[in-house]
2 protein chains.
Amino acid sequence: MKRLRLRCEISAPEEEALRAAVQGPFVHAAEQVIVRRGERLNSSILLLDGLLARYKDLSNGQRQITHLHVPGDFADLHGYTLGYLDHNVITLTPCRIARAPHAKVTEITGRFPNLARAFWFSTNLDASIHREWEVSLGRRNAIERAAHLLCELQSRLLAVGAAEGNGFGLPITQNQFAECLGLTGVHVNRVLRELREAGLADFRSGRVTIHDRPRLESLAEFDPLYLYLDRPAN
Amino acid sequence: MKRLRLRCEISAPEEEALRAAVQGPFVHAAEQVIVRRGERLNSSILLLDGLLARYKDLSNGQRQITHLHVPGDFADLHGYTLGYLDHNVITLTPCRIARAPHAKVTEITGRFPNLARAFWFSTNLDASIHREWEVSLGRRNAIERAAHLLCELQSRLLAVGAAEGNGFGLPITQNQFAECLGLTGVHVNRVLRELREAGLADFRSGRVTIHDRPRLESLAEFDPLYLYLDRPAN
DNA sequence: CGGATTATTGATGGACATCAATTCTAGTGG
DNA sequence: CCACTAGAATTGATGTCCATCAATAATCCG
């Protein structure tokens with residue numbers, strides 16, 4: 001909960017209302033589908049700890065992860081207005097979550113318009129990240145995509161206090177990483193080696209170490225504007 | 001304005017409030033950047049006629065279009081909570097737009113919570129389309145991407161009454177189409193020829209004709225669920 | 001009608017996929 | 001504590017899809 005506040009300048013009473021509205025925490029093992037495409041939703045998930053992914057499957061067995069969620073994210077708040085999701089949500093690691101029943105969301109956003117704005121902002125931020133991923137998937141080559149995602153994750157994790165020093169935990173497989181990047185695991189492996197050998201970054205056994213952030217950003221053409229870390233209008 | 005109502009089940013007084021809130025219409029020529037990345041926003045654009053694109057440029061001159069807007073879309077409503085955009089918005093064709101000052105948005109959403117939900121829904125729908133584009137860009141090959149986008153555009157245009165019969169106007173260049181798909185204009189040209197010769201669809205001189213929608217959908221693995229055309233919870 | 005943009009087609013090259021081993025690692029049970 | 005095993009990572013060889021380069025044809029527009 002602390003993390004949500006950090007991102008969104010919520011007042012004390014607002015935070016209290018939110019805290020009172022959510023249920024949990026609940027824990028889930030890794031690799032559990034916790035929201036299914038098309039299924040009607042009555043509550044939304046606040047990720048407290050761990051990593052979640054939104055993804056879509058194709059008939060040939062390929063998968064595209066469309067978003068990674070870090071602690072503090074409202075993972076499927078968009079389901080509140082959409083009614084159901086167009087994608088699945090899966091735990092990539094063991095996760096601790098809280099649930100906000102939609103009835104409570106209606107209630108507290110009615111009581112605190114500022115909270116409604118913060119929630120809306122949160123879904124708009126997700127969309128902004130989607131757009132940057134579209135740019136990566138459409139126009140960046142493999143090494144640039146990998147570099148860009150590493151930059152993004154470090155920035156987002158630092159913003160919520162879930163990264164320390166020049167590294168962060170990323171306990172996912174290279175295949176899952178590849179599913180974010182629209183690449184194969186094999187090629188991601190080669191590209192990670194390149195990044196390592198160039199002294200830019202090291203992603204190995206569930207942990208990322210950024211050795212040269214400036215050059216990594218430059219390689220990826222990373223510009224954090226799309227993360228709205230300066231706390232926008234509210 | 002009629003088109004917004006079609007998508008969102010707004011009541012008569014709500015529609016009236018919205019109509020009273022917006023300024024315009026204004027007209028813009030084609031190829032005009034009408035919202036600039038990073039620039040602080042005081043109003044949001046409702047597209048009445050024409051086509052708008054959200055896009056990002058890369059330093060090597062490449063461009064990725066991240067979203068196409070059709071009439072009835074609120075093109076940069078997300079700027080209301082974000083404060084500024086992470087991308088530019090450009091007119092692809094001559095456009096007629098209305099502008100909703102953010103102060104008015106605040107006012108009418110305060111007065112009509114249902115309208116606030118409808119606005120929030122609208123930005124969440126944009127995000128859903130972003131996700132489907134991520135899937136295309138990450139996992140579909142060139143012909144599938146083209147087929148998918150043609151299916152999407154026909155569905156969206158039909159939904160707002162801007163398509164007739166088995167075709168619709170799409171007065172953009174093959175290069176702009178390619179910028180949506182993460183491809184080059186040259187390759188899009190070849191792929192469009194394939195679609196034409198297979199008797200699936202014809203995109204030629206600013207007009208799309210869908211000859212075999214079922215096979216086009218099947219080729220693209222198009223599933224309209226992500227467009228939320230069934231009018232979701234509100 | 002002339003100039004520019006757009007579309008079209010061919011030839012070549014490169015980035016990433018695919019296929020296929022092999023090695024490494026972590027978890028399990030004896 | 002150590003074989004055993006399954007998944008994950010790594011590396012090599014080959015193939016393919018799309019980019020790039022280049023030229024010509026078509027179309028648009030003042």
Side-chain angles (χ1 to χ4, degrees), chain A residues 29-31 51 58 60-65 92-94 135-149 169-198 201-209 219-220, chain B residues 29-31 51 58 60-65 90 92-94 135-149 169-197 201-209 219-220:
Chain A
E31 306 278 341
L51 286 173
L58 295 177
N60 62 5
Q62 292 191 102
R63 168 174 298 185
Q64 180 65 44
I65 293 178
L92 295 180
T93 69
V135 175
S136 274
L137 292 166
R139 294 299 184 200
R140 288 193 250 260
N141 68 22
I143 195 168
E144 292 164 353
R145 287 184 216 180
H148 197 281
L149 183 50
L170 188 66
I172 67 178
T173 67
Q174 290 185 2
N175 258 312
Q176 291 169 328
F177 196 65
E179 285 169 348
C180 299
L181 301 178
L183 300 168
T184 60
V186 171
H187 199 64
V188 158
N189 182 279
R190 295 187 224 269
V191 150
L192 289 176
R193 178 155 59 87
E194 270 192 78
L195 287 176
R196 190 182 321 123
E197 288 173 354
D202 193 336
F203 173 24
R204 194 194 269 281
S205 58
R207 177 146 202 95
V208 174
T209 309
L219 170 63
Chain B
E31 306 277 341
L51 286 173
L58 294 177
N60 61 5
Q62 291 191 102
R63 168 174 297 186
Q64 179 64 43
I65 293 178
I90 194 171
L92 294 181
T93 68
V135 175
S136 274
L137 292 166
R139 294 301 184 199
R140 287 193 251 260
N141 67 24
I143 194 167
E144 293 165 351
R145 286 185 216 178
H148 197 281
L149 183 51
L170 188 66
I172 67 178
T173 67
Q174 290 184 1
N175 257 313
Q176 292 170 328
F177 197 65
E179 285 169 347
C180 299
L181 300 177
L183 300 168
T184 59
V186 171
H187 199 63
V188 158
N189 181 279
R190 294 187 224 270
V191 150
L192 289 176
R193 178 154 59 89
E194 270 194 77
L195 288 176
R196 189 182 320 122
E197 288 174 354
D202 192 335
F203 173 24
R204 194 194 269 282
S205 58
R207 178 147 200 94
V208 174
T209 310
L219 169 63

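Letters go in sequence order (proteins before strands), and every chain restarts at 1.
Between A:Thr173 and A:Leu92, the closest side-chain pair of non-hydrogen atoms is not below 4.5 Å. No side-chain heavy atom of B:Leu149 sits under 4.5 Å from any side-chain heavy atom of B:Ser136.
No engagement by A:Gly206 is indicated, since no non-hydrogen atom pair under 4.0 Å with the nucleic acid exists. Within 4.0 Å of B:Arg190, counting heavy atoms only, lies at least one base atom of the nucleic acid. Counting non-hydrogen atoms under 4.0 angstrom, A:Thr173 reaches the backbone sugars and phosphates but no base.
Counting only distance, with no hydrogens or angles, the side chain of B:Gln64 and the backbone of B:Glu179 share a donor-acceptor pair below 3.5 Å.
With rounding to the nearest 0.5 Å, the separation of CD1 in B:Ile143 from CG in B:Leu183 is 11.5 Å. In this structure, CG in B:Leu170 is found 11.0 Å from OG in B:Ser205, a value given to the nearest 0.5 Å.
In terms of position along DNA chain D, the nucleotide closest to A:Arg196 lies nearer the 5' end than the nucleotide closest to the other residue of the pair B:Thr184 and A:Arg196. With DNA chain D read from its 5' end, the first of the two nearest nucleotides for B:Gln62 and A:Arg204 is the one closest to A:Arg204.
Each of D:dT10, D:dA19, D:dT11 was ranked by its minimum atom distance to the side chain of A:Arg193; first place goes to D:dT11. Taking only side-chain atoms of A:Val186, from C-beta outward, the nucleotide of D:dA19, D:dG12, C:dT9 with the closest atom is D:dG12. Across D:dC18, C:dA7, D:dT11, the shortest atom-to-atom separation from the side chain of B:Asn189 is found for C:dA7. Here the side chain of A:His187 is nearest to one of D:dG12, C:dT8, C:dC16, namely C:dC16.
One interatomic measurement links the two molecules: CD of A:Glu31 to P of D:dG7, which rounds to 12 Å at whole-angstrom precision. One can place CG of A:Leu183 at 17 Å from P of D:dC17, the figure rounded to the nearest angstrom. The separation between A:Leu137 atom CG and D:dC18 atom P is 15 Å, rounded to whole Å. For the pair B:Gln174 CD and D:dC28 P, the interatomic distance rounds to 13 Å; values are reported in whole Å. Distance, A:Asn141 CG to D:dT20 C1': 15 Å, rounded to whole Å.
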